[in-house]
Amino acid sequence: MANNLAVPPPPPLNTQNYHAEFRCKVDKRQFILPIIFLCIFDTFIFIGSHSIIYGIYGLMFTNVPFAIFIFVFKYNFDHIVYIIDGNLLHLSSSFRTSTININSIKKIRRGRFWVESGHNYSASYIKLRIVYDTYNYLYVSPENEKSFVETLQAINPNIEFSSERSLTGTI
């Protein structure tokens with residue numbers, strides 16, 4: 001049962017049957033910078049080649065693998081989903097899935113973080129860091145951050161929320 005509402009309904013008092021789905025917010029700037037670098041690199045390849053044919057071959061051998069890489073990268077980010085199912089938070093991407101008990105979540109912090117591989121379920125520069133159990137954490141970036149945090153706090157009122165000072169606006 002998929003919930004296609006922009007703002008999911010508030011969780012009922014009995015959270016065992018509650019279900020909400022949040023999509024990942026994809027920041028388009030993540031794709032612009034690599035494309036700019038590729039254009040600069042292509043210019044050097046084309047200028048540095050001995051002839052136009054070698055320049056065209058050089059562009060083909062660099063651009064085709066890069067385009068495939070960007071397509072797979074974007075496909076993965078477009079398919080990241082956060083599902084709240086009862087007292088469980090399921091984080092799902094194309095390549096892996098994690099499940100967290102919402103009652104084990106201690107803190108949620110909004111900010112700009114350097115992300116380590118294996119902990120990232122986000123595609124945005126501004127992320128939410130979910131700290132659960134004792135020292136475990138994951139990064140998410142739902143499209144509707146405010147509703148996501150409010151839903152988690154409705155299920156587990158002990159969740160602390162904070163935000164970096166330099167970020168403008170609230171969630």
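No experiment lies behind these values; they were computed from the predicted model shown.
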Next item on the list: Provide the closest heavy-atom pair for Met60 versus Pro65 in the form atom of the first, atom of the second, distance.
Entry: O-CD, 4.1 Å
Margin query: Hydrophobic cluster membership, with links at side-chain heavy-atom distances under 4.5 Å among I/L/V/M/F/W/Y: are Leu152 and Ile100 in one?
Written below: yes
Next item on the list: Using the rule that two of Ile, Leu, Val, Met, Phe, Trp, Tyr join whenever any of their side-chain heavy atoms come within less than 4.5 Å, decide whether Phe95 and Phe69 are in one cluster.
Entry: no
Next item on the list: Could you tell me whether the side chains of Ser93 and Tyr121 share a donor-acceptor contact shorter than 3.5 Å?
Entry: no
Next item on the list: Give a yes or no on whether Val149 and Ile80 share a hydrophobic cluster (residues Ile, Leu, Val, Met, Phe, Trp, Tyr; joining criterion: side-chain heavy atoms under 4.5 Å apart).
Entry: yes
Check: Ile155 and Asn87: side-chain contact (heavy atoms from CB on, under 4.5 Å), yes or no, with the steps?
Finding: CA-CA 7 Å; Ile155 294 171; Asn87 288 331; 3.3 Å; yes
Check: Which residues satisfy the salt bridge (Lys or Arg N to Asp or Glu O under 4.0 Å) test with Asp27, sequence neighbours excluded?
Finding: Arg29
Check: How would you list, by chain and number, every residue that makes a side-chain hydrogen bond (donor to acceptor under 3.5 Å, both in side chains) with Thr62, sequence neighbours excluded?
Finding: Asp42
Notebook entry, point to check: Looking at Arg110 and Phe161, what are the two nearest heavy atoms and their distance?
Noted result: CB-CZ, 4.0 Å
Item checked: Flag if over 12 foreign heavy atoms under 6.0 Å of CZ, Phe41 -> no
Notebook entry, point to check: Under 3.5 Å, is there a donor-acceptor pair between the side chain of Asn76 and the main chain of Ser94?
Noted result: yes
Notebook entry, point to check: So, Phe46 versus Phe44, ring centres under 6.0 angstrom or not?
Noted result: no
Check: Hey, does the Lys NZ or Arg CZ of Arg112 hover above the aromatic six-ring of Tyr125, less than 6.0 Å from the centre and inside 45° of the axis?
Finding: no
Checklist line | Verdict with supporting geometry, Asn120 and Lys127, side-chain contact (heavy atoms from CB on, under 4.5 Å) | finding: CA-CA 10 Å; Asn120 193 19; Lys127 303 169 180 17; 4.2 Å; yes
Check: Do Ile45 and Tyr54 share a hydrophobic cluster (ILVMFWY, side-chain heavy atoms under 4.5 Å, transitive)?
Finding: no
Note to self: Angle between ring planes, Tyr137 versus Tyr139, binned at 30° and 60°: parallel, tilted or perpendicular?
What the structure shows: perpendicular
Check: Do the non-hydrogen side-chain atoms of Glu145 and Leu128 ever get within less than 4.5 Å of each other?
Finding: yes
Note to self: Which residue is it: Leu59, Asn63, Leu33? I am looking for the one with a side-chain contact (heavy atoms from CB on, under 4.5 Å) to Leu38.
What the structure shows: Asn63
Checklist line | Heavy-atom pair of closest approach, residues Asn156 and Ser104 | finding: ND2-N, 4.5 Å
Checklist line | All salt bridge (Lys or Arg N to Asp or Glu O under 4.0 Å) counterparts of Asp78, not counting sequence neighbours | finding: Lys74
Next item on the list: Applying ring-ring contact (aromatic ring centres under 6.0 Å, His included), name anything that partners Tyr75, two or more places apart in sequence or on another chain.
Entry: His79
Checklist line | side-chain contact (heavy atoms from CB on, under 4.5 Å) assessment of Glu21 paired with Val81 | finding: CA-CA 7 Å; Glu21 191 171 305; Val81 179; 3.5 Å; yes
Check: Tyr82 and Arg23: side-chain donor and acceptor closer than 3.5 Å?
Finding: no
Note to self: Restricting to side-chain hydrogen bond (donor to acceptor under 3.5 Å, both in side chains), what partner residues turn up for Thr43, sequence neighbours left out?
What the structure shows: none
Next item on the list: Could you tell me whether a side-chain N or O of Asp85 sits under 3.5 Å from a main-chain N or O of His19, the two making a donor and an acceptor?
Entry: no
Note to self: For Ser92 versus Thr97, what's the shortest heavy-atom pair and its separation?
What the structure shows: OG-OG1, 3.7 Å
Notebook entry, point to check: Does Lys106 have any salt bridge (Lys or Arg N to Asp or Glu O under 4.0 Å) partners at least two apart in sequence or in another chain, and if so, which?
Noted result: none
Next item on the list: Please work out which of the three classes, parallel, tilted or perpendicular, describes the rings of Phe148 and Phe22, given edges at 30° and 60°.
Entry: perpendicular
Next item on the list: Tell me whether Ile83 is reachable from Ile130 by hopping between hydrophobic residues (I, L, V, M, F, W, Y) whose side-chain heavy atoms are closer than 4.5 Å.
Entry: no
Checklist line | Residue that, paired with Tyr132, satisfies side-chain contact (heavy atoms from CB on, under 4.5 Å) out of Asn103, Leu138, Asn101, Ile159 | finding: Leu138
Check: Would you say the side chain of Val140 lies within less than 4.5 Å of the side chain of Leu91, judging by non-hydrogen atoms?
Finding: yes
Next item on the list: Indicate yes or no for a side-chain donor-acceptor contact from Ser141 to the backbone of Ala123 under 3.5 Å, with no hydrogens or angles considered.
Entry: yes
